[in-house]
Amino acid sequence: MDLALLRTFVTVHRAGSFTRAAALLGLSQPAVTSQIRTLERQLGRPLFLRQARGVTPTTIGDELAHKAAPHLDALVEIAESGVEEDSSLRTLHLAGPPEFTAERALPALTELTGEDGQAFALRASFGTAEETLEGLAAGHHDLAISTARPRGALLTATALCDEEHVLVAAPRWAGRIGSGTLRRTGPSALDQVPVVEVHESLPFVSRYWASVFDSRPVAPGTVVVPDLRAVLACATAGAGLAVLPRYLCTAALARGEVVALHEPAVPPLRTYFLVVRTGTLAMPHIARAHAWLERAAGGWC
């Protein structure tokens with residue numbers, strides 16, 4: 001059986017789509033379709049059921065993927081190990097949200113770039129969850145950190161940690177609102193307080209209001225900046241209230257630069273996922289980074 005046909009088959013099985021598989025393989029969609037039909041003729045059985053959106057594997061297709069995929073992954077690892085002259089120094093391409101990646105993941109992974117005989121070079125890029133997962137699926141990254149769990153068999157996600165969100169503002173705003181006012185009156189006490197956010201849609205504030213107050217925020221975004229670290233800086237300067245991950249504002253809270261306006265019994269949480277292309281954990285440098293981040297995450301959130 002032609003290994004190229006098997007490689008195309010496994011890629012389609014993981015991608016769930018001829019179109020996406022073609023993009024991953026660098027082939028045209030008709031070429032992918034032709035290869036799958038050739039393999040189906042050789043086996044005498046259909047491997048996929050065509051649907052309006054993508055394809056679904058048949059029972060025979062699932063069985064073949066289960067048998068073939070691990071061996072193909074191992075062959076890819078053998079082939080790629082010879083790409084670099086020094087196979088002991090591989091390059092790990094990481095992608096994720098800018099704040100969490102910069103504050104959490106990169107400091108942890110830089111410990112693995114030293115001269116211990118198993119070191120790797122590290123390259124990082126930032127993006128939204130959608131951008132990050134699309135880049136991972138396309139082969140631009142080896143490892144991704146995402147706040148969205150991907151669907152399908154192409155990507156494999158592991159829950160990394162939960163991030164607690166905190167409603168904060170500079171002390172002068174807390175003084176204006178008054179101690180206990182928010183508990184007595186609810187979110188209406190905050191209607192006149194300006195909002196600092198990362199987007200005009202107020203994603204963090206809206207999520208907090210829906211989870212904690214079962215309502216929607218009234219005040220519009222006064223300052224909108226595309227980085228949570230900048231949101232913290234603006235909130236510290238007195239620009240208005242903000243909803244921030246606790247890990248990002250813990251030091252500012254301890255110094256009294258911002259104060260928590262509310263401490264709900266059940267704070268809103270957001271889960272981070274560690275995502276790889278299915279099968280790539282067979283590559284030692286990716287597996288090592290994945291395991292290292294999992295261990296480090298135990299003390300993060």
Side-chain angles (χ1 to χ4, degrees), residues 91-113 120-150 155 157-169 195-208 221-237 239-253 257-258 267-277 286 289-290 292-301:
T91 298
L92 179 81
H93 295 271
L94 173 72
E99 306 87 358
F100 189 88
T101 305
E103 299 290 329
R104 294 301 202 202
L106 288 177
L109 287 178
T110 51
E111 297 182 41
L112 298 181
T113 60
F120 53 72
L122 180 61
R123 302 290 184 270
S125 60
F126 301 145
T128 64
E130 182 178 5
E131 293 167 344
T132 296
L133 293 179
E134 285 183 355
L136 179 66
H140 302 312
H141 318 306
D142 300 314
L143 194 61
I145 297 170
S146 172
T147 54
R149 182 191 289 273
L155 303 177
T158 302
L160 191 59
C161 66
D162 290 326
E163 168 187 271
E164 178 187 345
H165 287 176
V166 189
L167 177 61
V168 302
V195 172
V196 186
E197 258 283 12
V198 295
H199 191 270
E200 297 287 353
S201 63
L202 310 184
F204 284 83
V205 172
S206 294
R207 190 182 303 117
Y208 189 98
T222 300
V223 177
V224 177
V225 287
D227 190 294
L228 288 172
R229 291 162 295 191
V231 169
L232 174 59
C234 292
T236 300
L241 65 81
V243 173
L244 292 166
R246 185 173 289 278
Y247 79 85
L248 198 60
C249 60
T250 294
L253 287 167
E257 296 170 350
V258 293
L269 300 175
R270 183 170 67 165
T271 301
Y272 283 96
F273 297 94
L274 194 55
V275 191
V276 296
R277 287 187 304 283
I286 298 179
H290 190 283
W292 193 271
L293 285 175
E294 281 192 281
R295 288 194 296 269
W300 285 348
C301 302

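Both backbone and side-chain heavy atoms feed into the values below; hydrogens, waters and symmetry mates do not.
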Keeping the roles fixed (side chain from [X], backbone from [Y]), state whether a donor-acceptor pair exists under 3.5 Å.
X: T101; Y: P98; answer: no
X: S206; Y: P203; answer: no
X: E197; Y: V225; answer: no

Quick check for you: to the nearest 0.5 Å, what is the distance between [X] atom [atom1] and [Y] atom [atom2]?
X: F120; Y: T91; atom1: CZ; atom2: OG1; answer: 10.0 Å
X: Y208; Y: L202; atom1: OH; atom2: CG; answer: 15.5 Å
X: E164; Y: T250; atom1: CD; atom2: OG1; answer: 8.5 Å

What pair of heavy atoms forms the shortest contact from [X] to [Y], and how long is it?
X: R246; Y: L253; answer: NH1-CD1, 4.0 Å
X: C234; Y: V196; answer: CB-CG1, 3.8 Å
X: V231; Y: V198; answer: CG2-CG1, 3.8 Å
X: A242; Y: A235; answer: CB-CB, 4.2 Å
X: A289; Y: L112; answer: CA-CD1, 4.2 Å
X: E99; Y: P226; answer: OE2-O, 4.4 Å

Identify whether the distance between the nearest side-chain nitrogen and carboxylate oxygen of R270 and E163 falls below 4.0 Å.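 Result for this pair is yes, salt bridge flagged.
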
Mind listing the side-chain donor-acceptor pairs of residues 136-149 below 3.5 Å, one per line with the distance, residues two or more places apart or on another chain?
{"residue": "D142", "atom": "OD2", "partner": "H93", "partner atom": "N", "Å": "2.8"}
{"residue": "S146", "atom": "OG", "partner": "A148", "partner atom": "N", "Å": "2.9"}
{"residue": "S146", "atom": "OG", "partner": "A148", "partner atom": "O", "Å": "2.9"}

Between [X] and [Y], is any pair of side-chain heavy atoms under 4.5 Å apart?
X: L94; Y: L109; answer: yes
X: L241; Y: V205; answer: yes
X: T236; Y: V258; answer: yes
X: L274; Y: L160; answer: yes

Output field: ring centroids W300/F100 closer than 6.0 Å: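 Ring-ring flag for W300/F100: true, centres closer than 6.0 Å.
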
Once ring pair (Phe, Tyr, Trp, His ring centres under 6.0 Å) is applied, do any residues pair with H165, and if so which ones, sequence neighbours excluded?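 Testing H165 for ring pair (Phe, Tyr, Trp, His ring centres under 6.0 Å), a comparison that skips the adjacent residues, returns F204.
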
Could you give the side-chain donor-acceptor pairs of residues 122-132 under 3.5 Å, partners two or more places apart or in another chain?
{"residue": "T128", "atom": "OG1", "partner": "E131", "partner atom": "N", "Å": "3.2"}
{"residue": "T128", "atom": "OG1", "partner": "E131", "partner atom": "OE1", "Å": "3.4"}
{"residue": "E131", "atom": "OE1", "partner": "T128", "partner atom": "N", "Å": "2.9"}
{"residue": "T132", "atom": "OG1", "partner": "T128", "partner atom": "O", "Å": "2.9"}

